[in-house]
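Here the structure comes first, spelled out in structure tokens, and everything after it is commentary.
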Amino acid sequence: MSGDGQGKRHWFDDEAGPVVRPYAMTRGRTTSPAQHRLDLIAVVVTEPHAYDPEADQTLSPEHVDIVGLCRDAPQSVAELAAELDLPIGVVRVLIGDLVDEEMVHVTRPVPPAELPDESILRDVINGLRAL
Amino acid sequence: MIFGRSERGKPPVEPVTLKILVAGGFGVGKTTLVGAVSEIKPLRTEEVLTEAGRPIDDTSGVEGKHTTTVAMDFGRITLREDLVLYLFGTPGQDRFWFLWDELATGSLGAVVLADTRRLEDCFAAVDYFERRSIPFVVGVNCFEGAARYPADDVRQALDLDPGVPVVLCDARDRETVKEVLIRVVQHAMAHAADRRQAVTT
Ligand SMILES: Nc1nc2c(ncn2[C@@H]2O[C@H](COP(=O)(O)OP(=O)(O)OP(=O)(O)O)[C@@H](O)[C@H]2O)c(=O)[nH]1
Ligand SMILES: [Mg+2]
């Protein structure tokens, strides 16, 4: 999942009118080519060497938050958006940046049809019963 | 959500993640259901929509596009440290179908919540999951004051395939909601087994 870096300066069309505030955070980008439509339940994991994201001047506070949250416990894209109270699209772009910077990696979810066996689903049932 | 800081040197656990969709008409109890079994959080997506309500990519023309915020219900159920189930309550309006496409992809299955006083409100959702062969369960949310119909009547009224489970529930009640979710997973297992059979015979 190495970002090709292409389109990193993918500016939103100026004529698109006023940019919604959160998109200022992403420098107006609404998509990140390398991470196009990251699955909402894909899991973001902080790389062990990304210990001091604040030192990186190019990162916004939101980038730093993501690195911090996913170091404590890997989290899904949806969870990060809910936790940071940012729209999903914004979070996707921010994650794309962090992947390009090799500060996090993203593990795509296994589609249920490709689960190796039924035992995971049995575990889900047992887990729900035990709730 | 409280997580301990992972010990140094020990790589954090990357959980297996699964998702179940919760669909159904306006005001049928989707948010209530998600909240009954999980810590619920609103999730926002901002989409640049065409007039037709489909998202467009930002390199295409700018005429007539506007950004819409769509909110979804989002819940997390931690089954084990390494196994997490997410619930997504889908927005009901038709113009947000594109969001369903994204949510439905890779989902384990779905709950279609129904209110017997206005069953027709869930036709669209039933249709949607049938067409895409996504395993789903119909949860009949039992509101007070609504007549109780046997599950079979609901099945008939919705013209469901015989294999589709119909479960009576109360979206406010954790135990019945757990039961609905368990039925979704069981149905998904049966569905997967059928598919394997179809491939091998
Ligand atoms: N009596 C009763 N009331 C319920 C039940 N489920 C939901 N309600 C109530 O019905 C109302 C609507 O429930 P919601 O969970 O907000 O429904 P929703 O499907 O999320 O609604 P929208 O997001 O607006 O489409 C709330 O006032 C709930 O308290 C139920 O099983 N029994
Ligand atoms: Mg709701």
Side-chain angles (χ1 to χ4, degrees), chain A residues 10-20 22-23 28-31 36-37 39-46 48 69-76 78-79 81-83 85-90 105 107-115 118 120-131, chain B residues 1 3-6 8-9 11-19 37-38 40-48 57-59 62 65-67 69-70 72 74 76-81 83-86 88 102-103 105-109 135 174-175 178-179 181-182 185-186 188-189 192-193 195:
Chain A
H10 193 92
W11 295 85
F12 202 68
D13 193 339
D14 279 341
E15 291 165 42
V19 174
V20 213
Y23 285 99
R29 295 160 303 156
T30 56
T31 58
H36 196 64
R37 284 282 172 189
D39 197 293
L40 283 174
I41 63 167
V43 173
V44 181
V45 189
T46 297
L69 285 168
C70 298
R71 180 188 297 116
D72 287 349
Q75 325 225 353
S76 64
E79 260 172 312
E83 188 70 36
D85 194 22
L86 291 172
I88 293 159
V90 171
H105 69 265
T107 306
R108 282 161 204 272
V110 181
E114 289 166 30
L115 286 174
E118 285 189 339
I120 287 188
L121 297 187
R122 272 197 216 97
D123 290 350
V124 173
I125 292 172
N126 292 332
L128 283 169
R129 287 224 168 89
L131 272 187
Chain B
M1 238 169 296
F3 293 109
R5 186 166 275 272
S6 56
R8 246 170 231 297
V13 182
E14 291 183 32
V16 171
T17 54
L18 295 164
K19 63 181 166 185
V37 280
S38 62
I40 191 165
K41 292 195 174 172
L43 188 60
R44 280 186 296 138
T45 172
E46 275 171 10
E47 299 285 345
V48 181
D57 66 65
D58 52 352
T59 54
V62 295
K65 69 183 187 185
H66 58 282
T67 304
T69 302
V70 190
M72 292 178 261
F74 169 58
R76 168 187 172 125
I77 302 175
T78 307
L79 299 167
R80 273 194 330 231
E81 191 187 15
L83 186 59
V84 178
L85 177 65
Y86 295 107
F88 290 95
E102 168 167 4
L103 291 168
T105 307
S107 68
L108 184 55
R174 186 180 171 90
E175 288 307 311
K178 272 164 59 176
E179 195 51 43
L181 296 176
I182 289 169
V185 183
Q186 287 171 335
M189 283 168 83
R195 281 197 158 181

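Below, chains carry the letters A, B, ... as their sequence lines are ordered, and counting in each starts from 1. Remember, predicted model here, so these are calculated numbers, not experimental data.
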- Message: Please evaluate residues A:Ile120 and B:Leu18 with respect to the criterion side chain to side chain contact (heavy atoms under 4.5 Å, CB included), reporting the C-alpha separation (whole Å), side-chain torsions for both, the decisive distance (0.1 Å), and the verdict.
- Response: CA-CA 10 Å; A:Ile120 287 188; B:Leu18 295 164; 4.2 Å; yes
- side chain to side chain contact (heavy atoms under 4.5 Å, CB included) evaluation trace for B:Lys19 with A:Asp39: CA-CA 11 Å; B:Lys19 63 181 166 185; A:Asp39 197 293; 3.6 Å; yes
- Task: Before giving the answer on side chain to side chain contact (heavy atoms under 4.5 Å, CB included), spell out for A:Asp85 and B:Lys41 the whole-Å C-alpha distance, their side-chain angles and the decisive distance to 0.1 Å.
- Result: CA-CA 9 Å; A:Asp85 194 22; B:Lys41 292 195 174 172; over 6 Å; no
- Task: Might you work through the side chain to side chain contact (heavy atoms under 4.5 Å, CB included) test for A:Leu128 and B:Leu85, ending with a clear yes or no?
- Result: CA-CA 9 Å; A:Leu128 283 169; B:Leu85 177 65; 4.2 Å; yes
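Nearest approach of A:Ile88 to B:Met72, heavy atoms of both residues: CD1-CE, 3.5 Å. Closest heavy-atom contact between B:Gly106 and A:Pro112: O-CD, 3.1 Å. Nearest heavy-atom pair, B:Thr17 versus A:Pro109, reported as atom, atom and distance to 0.1 Å: OG1-CB, 3.8 Å. In plain terms, the two heavy atoms of B:Pro15 and A:Pro74 that are nearest each other are CD-CB, 4.2 Å. Nearest heavy atom pair, residue A:Ala81 against residue B:Leu43, reads CB-CD1, 3.6 Å.
Heavy atoms of B:Leu181 lying under 4.5 Å from chain A belong to its backbone as well as its side chain. Heavy atoms closer than 4.5 Å to chain A are found in the side chain of B:Ile77, but not in its backbone. Within the 4.5 angstrom heavy-atom criterion, atoms from both the backbone and the side chain of B:Gln186 approach chain A.
With chain B as the partner, the residue from A:Asp123, A:Val110, A:Asn126 showing the most heavy-atom pairs under 4.5 Å is A:Asp123. Heavy-atom pairs under 4.5 Å with chain B peak, among A:Val43, A:Leu121, A:Thr46, at A:Leu121.
Here the straight-line distance linking atom CG of A:Leu40 with atom OH of B:Tyr86 works out to 10.5 Å at 0.5 Å rounding. Taken to the nearest 0.5 Å, the OG1 atom of B:Thr45 stands 12.0 Å off from the CG atom of A:Leu86. Note: B:Glu14 CD to A:His105 NE2 = 4.0 Å, rounded to the nearest 0.5 Å.
Side chains of A:Glu79 and B:Val84 form no contact here, defined as non-hydrogen atoms less than 4.5 Å apart.
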